Amino acid sequence: SQPILGELTASQVTPDSIQLQWSVPEGTFDSFTLQYRDAQGQPQVVPVDGGARTLTVPGLSPSRRYKFNLYGVWGRKRLGPVSTDAITAAAEPEEEPPSQPILGELTASQLTPDSVQLEWSVPEGTFDSFTLQYKDAQGQPQVVPVDGGARTLTVPGLSPSRRYKFNLYGVWGRKRLGPISTDIVTGEDMPGNVTPLSTGAAEPEEEDTPSEPILGELTASKVNTDSVQLEWSVPEGTFDSFTLQYRDAQGQPQVVPADSGARTLTV
């Protein structure tokens with residue numbers, strides 16, 4: 001006898017798929033055919049095996065109504081359809097990207113004749129790194145990369161009684177935000193105490209002018225995937241400060257000042 005198609009129902013609805021279920025209360029079908037229109041209104045025809053009672057329809061659009069028609073094929077006859085309407089689930093809300101961080105005020109403290117300590121705040125968000133820019137006493141631009149977690153930086157190697165302008169940029173992804181700026185004047189270079197001459201004593205010989213210091217060899221150690229430690233020596237004399245220059249991965253020149261007492265630096 002001719003088979004009978006039962007009810008068609010929808011379950012397990014997601015933003016892009018629906019599972020359909022149906023029954024065959026009597027008889028057996030050779031196969032089934034599911035018909036519906038996609039989000040673009042194009043008719044879709046899905047052949048289904050005669051033993052199947054469920055079918056998951058993928059590739060649907062979120063929050064959209066679909067009408068599904070199921071036909072049973074029995075010999076040369078097509079019986080039905082049984083139909084159901086279903087609405088796909090709403091799309092999952094995308095996570096909001098982190099908001100752009102904000103640079104606070106840049107201030108100067110602990111001024112000496114040859115150095116200054118800079119401090120800044122980040123009222124909101126997080127920066128990947130910072131870049132400090134200024135011009136040295138010779139008017140040469142200096143660029144100092146700073147770790148994203150830092151909030152203070154001591155700048156050595158400055159000249160006494162001189163005005164400097166410092167610009168601090170925050171690096172966030174591919175963006176450079178800022179700058180925030182501050183102007184300072186370094187302290188005066190205070191002369192040392194003069195020793196008085198002893199009465200009746202012969203005039204002392206002039207002190208020898210200090211000989212020019214000598215830089216030893218520069219070597220690299222503690223090499224990691226993103227950093228390297230540099231070491232150097234000063235076999236003779238004393239330097240006022242050091243300046244390291246290199247080019248970063250993007251080919252941009254970087255200039256890092258180092259204190260006169262330093263003999264190592266991690267880049």
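Nothing here was measured: the structure is a model prediction, and the numbers come from that model.
Scanning all heavy atoms of the two residues, the minimum distance from S63 to A90 falls at OG-CA, 3.1 Å. A pairwise comparison of heavy atoms in S115 and P156 identifies CB-CA, 4.0 Å as the closest pair. When every heavy atom of R53 is checked against every heavy atom of S23, the shortest pair comes out as CD-CA, 4.4 Å. Heavy-atom minimum distance, G104 versus P123: N-CD, 3.4 Å.
In the model, Q142 has a side-chain atom that pairs as donor or acceptor with a side-chain atom of D136 under 3.5 Å.
At a threshold of 4.5 Å between non-hydrogen side-chain atoms, the residues N167 and S181 count as touching. For the pair Q19 and S11, the minimum side-chain heavy-atom distance is below 4.5 Å. Contact check for V267 versus L230: side-chain heavy atoms found under the 4.5 Å cut-off.
Under the 3.5 Å distance criterion, the side-chain polar atoms of T14 are matched with a main-chain donor or acceptor of D16. Using modelled atom types, one side-chain atom of T112 and one backbone atom of D114 make a donor-acceptor pair closer than 3.5 Å. The backbone N or O of V73 sits nowhere less than 3.5 Å from a side-chain atom of S31 that would complete a donor-acceptor pair. Judged by distance alone, the side chain of S159 and the main-chain N or O of R162 form no donor-acceptor pair under 3.5 Å. A donor-acceptor distance shorter than 3.5 angstrom exists from the side chain of D30 to the backbone of G75, with no hydrogens or angles considered.
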query = Would L20 and L8 count as a side-chain contact (heavy atoms from CB on, under 4.5 Å) if you check the C-alpha gap in whole Å, the side-chain angles of each, and the deciding distance to 0.1 Å?
reply = CA-CA 7 Å; L20 301 174; L8 178 67; 4.0 Å; yes

task = Decide yes or no on side-chain contact (heavy atoms from CB on, under 4.5 Å) for W22 and V48, but give the supporting numbers first.
result = CA-CA 12 Å; W22 62 94; V48 186; 4.0 Å; yes

query = For W120 and E105, what are the C-alpha separation, side-chain angles and deciding distance, and is it a side-chain contact (heavy atoms from CB on, under 4.5 Å)?
reply = CA-CA 6 Å; W120 63 93; E105 191 176 358; over 6 Å; no

inquiry  = Checking Q117 against E119 for the side chain to side chain donor-acceptor pair (under 3.5 Å) test, could you report, in this order, the C-alpha distance in whole Å, the side-chain angles of both residues, the deciding distance, and whether it holds?
reply    = CA-CA 7 Å; Q117 179 173 295; E119 299 177 5; 3.1 Å; yes

request  = Could you walk me through whether Q100 and I102 pass side-chain contact (heavy atoms from CB on, under 4.5 Å), step by step?
outcome  = CA-CA 7 Å; Q100 182 170 295; I102 297 173; over 6 Å; no

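The CD1 atom of I184 sits 6.0 Å away from the CG atom of L158 when rounded to the nearest 0.5 Å. Here OH of Y134 is found 7.5 Å from OH of Y164. Values are rounded to the nearest 0.5 Å. Here the CD-OG1 distance, from Q21 to T54, works out to 6.5 Å after rounding to the nearest 0.5 Å. Remark: L177 CG to L103 CG distance equals 7.0 Å, nearest 0.5 Å. Between S233 atom OG and R263 atom CZ the span is 8.0 Å, to the nearest 0.5 Å. Distance check, rounded to the nearest 0.5 Å: CZ of R37 to NZ of K67 gives 11.0 Å.
Hydrophobic cluster membership of V45, counting Ile, Leu, Val, Met, Phe, Trp and Tyr whose side-chain heavy atoms lie under 4.5 Å apart directly or via other members: none, as it forms a cluster of its own.
Legend: residues meeting ring-ring contact (aromatic ring centres under 6.0 Å, His included) with F68, ordered by chain and number and at least two apart, are Y36. Judged as a side-chain contact (heavy atoms from CB on, under 4.5 Å), and not counting sequence neighbours, T238 has no contacts.
Cluster membership check: L111 shares its hydrophobic cluster with L168, using side-chain heavy-atom separations under 4.5 Å among Ile, Leu, Val, Met, Phe, Trp and Tyr. The cluster map of Ile, Leu, Val, Met, Phe, Trp and Tyr, joined by side-chain heavy atoms under 4.5 Å apart, puts V185 and L132 in different clusters. Under a hydrophobic clustering in which Ile, Leu, Val, Met, Phe, Trp and Tyr are joined whenever their side-chain heavy atoms come within less than 4.5 Å, directly or via other members, F130 and L244 fall into different clusters. One hydrophobic cluster, built from ILVMFWY side chains closer than 4.5 Å, cannot hold both L153 and Y169; they sit in different ones. Note on V46: it clusters hydrophobically with I18, by side-chain heavy-atom contacts below 4.5 Å among ILVMFWY residues.
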